[in-house]
Amino acid sequence: MANTPHGGVLKDLYLRDANKEELLRAEACTLPSIILTERQLCDLELILNGGFSPLEGFLNEKDYNSVVENMRLSSGLLWPIPINLDVSKREIEDNKIEPSRRITLLDPRDYEPLAILTVEDIYRPDKSKEAKFVYGADDSAHPAVNYLHHIAKEFYIGGLLEAIQAPSHYDYVSNRYTPTELRAHFKKLQWTRVVAFQTRNPMHRAHRELTVRAARHRKAHLLIHPVVGLTKPGDIDHYTRVRVYKALMPKYPNGMAELSLLPLAMRMGGPREAVWHALIRKNHGVTHFIVGRDHAGPGKNSQGVDFYGPYDAQKLVEQYKDEIGIEIVPFQMVTYSPETDEYIPADEIPEGVKTLNISGTELRRRLKLGLPIPEWFSYPEVVSVLRQSHPPRGQQGFTIFFTGLHASGKNAIAHALQVSLNQESTRTVSLLAGENIRAELSSELGFSKRDRDINIARQAFVAGELTRAGAAAILAPIAPYAEARDAARKTIEQFGGFYLIYVSTPLEECIKRDQEGIYERAKRGEIKEFTGLDAPYEAPSNADLTVDITKQSVSQAVHEIILLLEKDGYIGSA
Ligand code: PPS
């Protein structure tokens with residue numbers, strides 16, 4: 001079987017450029033530099049280590065057009081996904097980027113020089129055309145199309161690369177193999193037939209069964225080759241997934257399977273992506289590749305219809321398998337039969353035989369509520385990893401975000417809530433009180449809209465981190481602008497609970513309650529842009545709770561919040 005998809009030699013630029021490393025490193029300091037994005041970093045790593053062989057750089061315009069239109073480089077070699085270095089006009093101007101200029105590419109995490117690019121051309125891509133040809137539709141419901149239009153910059157630079165060093169990794173280092181390393185590893189193990197399994201999800205018993213069957217039928221060994229670069233937004237983080245894979249590996253018969261992590265930035269490009277995955281696996285030295293139903297599928301388009309048919313990916317890879325030089329193994333769905341206590345291929349289940357399954361949604365529900373997950377579905381070791389990463393609500397953090405006018409009573413409720421939650425003592429409670437925030441976190445800020453937005457964004461950032469760590473964070477700014485409050489919700493909600501509590505005390509009442517006489521000073525013009533007087537307050541229309549202390553006491557307001565938290569499972573039954 002040929003060495004790489006095209007019968008050529010693996011383009012491991014680290015090996016090729018090893019003897020020039022010191023010279024390149026010295027030169028890198030003298031050149032203009034570009035800080036890579038997360039996606040470019042993933043792409044670069046796989047270009048440099050040969051995972052994207054035959055690429056030796058980012059696509060020039062001719063290759064880009066050819067890949068977009070024909071799935072081939074201009075040389076005719078099969079390559080389905082455009083790999084581009086996208087840059088802004090500003091980056092081009094600041095770095096005086098022009099053909100034949102050399103540029104250092106920097107790791108965004110530590111600014112280490114990773115490679116030198118010799119610019120061949122700079123071009124403005126037709127992004128709508130790229131979306132239609134590569135992903136099948138110019139529809140931003142597709143994550144890659146969304147990326148293309150809203151994140152990728154407007155120009156692409158093409159050119160060849162010279163490798164200085166690999167990006168540093170600090171997680172699961174011993175499970176990361178470059179194509180060269182993996183090939184050497186297979187050689188050492190005397191593995192000649194290897195089935196690769198691609199995944200971006202946790203693996204359970206069914207996955208173990210179907211991969212073992214695939215290997216057994218092909219008299220092959222097994223490479224579990226999950227993606228740990230960028231996957232679909234909303235996926236389970238790779239740390240949790242790798243802990244799951246590591247818990248699963250001992251469940252394979254001894255010597256049958258190996259785990260290697262792939263730093264790929266997926267595009268969710270369905271059929272074209274499946275061809276790309278097969279090429280990448282071929283470069284990593286495997287002989288067989290499992291292609292799933294709806295492989296690398298992005299889900300539904302803006303009309304609510306699937307972007308690709310369930311077997312489109314399998315069909316396309318099947319068409320190119322000889323050219324790639326890899327055997328395609330269609331993913332064979334297996335289902336659990338409680339009667340015989342075994343997993344059976346879904347298409348071999350006799351009529352009328354009862355089977356069991358737990359869907360992804362049901363699994364997430366059980367994890368969220370701490371409900372049992374049966375052993376026939378997953379291994380206890382795997383479930384315990386998932387439970388650590390998906391603690392039940394009683395152990396998750398949350399943020400209570402009060403908003404209201406000055407002297408509305410929000411500070412009093414916030415303090416009382418802090419005391420009340422401290423009684424529970426199941427979590428650390430942090431009250432980010434207005435006076436401290438303005439003195440410590442936002443001391444240089446005033447009260448313009450811009451400054452207030454920054455003030456809220458900073459508080460949201462801190463509350464998000466506290467929430468992520470499992471604490472209860474309480475904020476009580478005026479937060480007069482709906483947009484800033486919504487942005488705060490978005491920042492915090494990804495880490496745990498978020499409750500917007502509107503303290504709706506009317507302005508006249510606030511003025512009466514204002515012990516410090518600040519409203520009076522503002523009326524006299526001593527304080528400018530004062531909320532409620534000469535600066536607006538946008539009353540929330542999406543509050544989770546509105547409390548009115550002209551009609552209820554502070555304790556009653558606190559009690560309502562406690563009831564809300566109890567209803568959602570954050571307190572009470574941890
Ligand atoms: S904001 O709008 O959310 O950034 O405001 P915040 O950080 O909550 O700060 C409000 C407190 O600052 C005092 N202050 C003013 N408030 C509103 N407008 C102006 N121009 C202003 N200047 C000073 C005011 O006393 C607020 O106090 P509390 O008690 O926190 O409501």
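First listed ligand is number 1; within each ligand, the first listed atom is number 1.
- Nearest heavy-atom pair, Gln494 versus Thr491, reported as atom, atom and distance to 0.1 Å: NE2-O, 3.0 Å.
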I would like to know whether Lys551 and Asp548 meet salt bridge (Lys or Arg N to Asp or Glu O under 4.0 Å); could you show each step before the answer? CA-CA 6 Å; Lys551 300 200 180 89; Asp548 181 349; 3.2 Å; yes
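- Listed by chain and number, His406, Lys410, Asn411, Arg438, Phe447, Arg452, Asn455, Ile456, Pro477, Ile478, Ala479, Pro480, Ile518, Ile527, Lys528, Glu529, Phe530, Thr531 each place a non-hydrogen atom less than 4.0 angstrom from ligand 1.
- Using modelled atom types and a 3.5 Å distance limit, the side chains of His390 and Gln395 yield no donor-acceptor pair.
- Residue pairs meeting the salt bridge (charged side-chain N to carboxylate O under 4.0 Å, His left out) criterion with at least one member in residues 122-132, sequence neighbours excluded, are Glu69-Lys129.
- A cation-pi arrangement is present between Arg438 and Phe447, with the terminal nitrogen or guanidinium carbon under 6.0 Å from the aromatic centre and inside a 45° cone about the axis.
- Phe155 does not carry Lys89 over the face of its six-membered ring by the limits of under 6.0 Å from the centre and within 45° of the normal.
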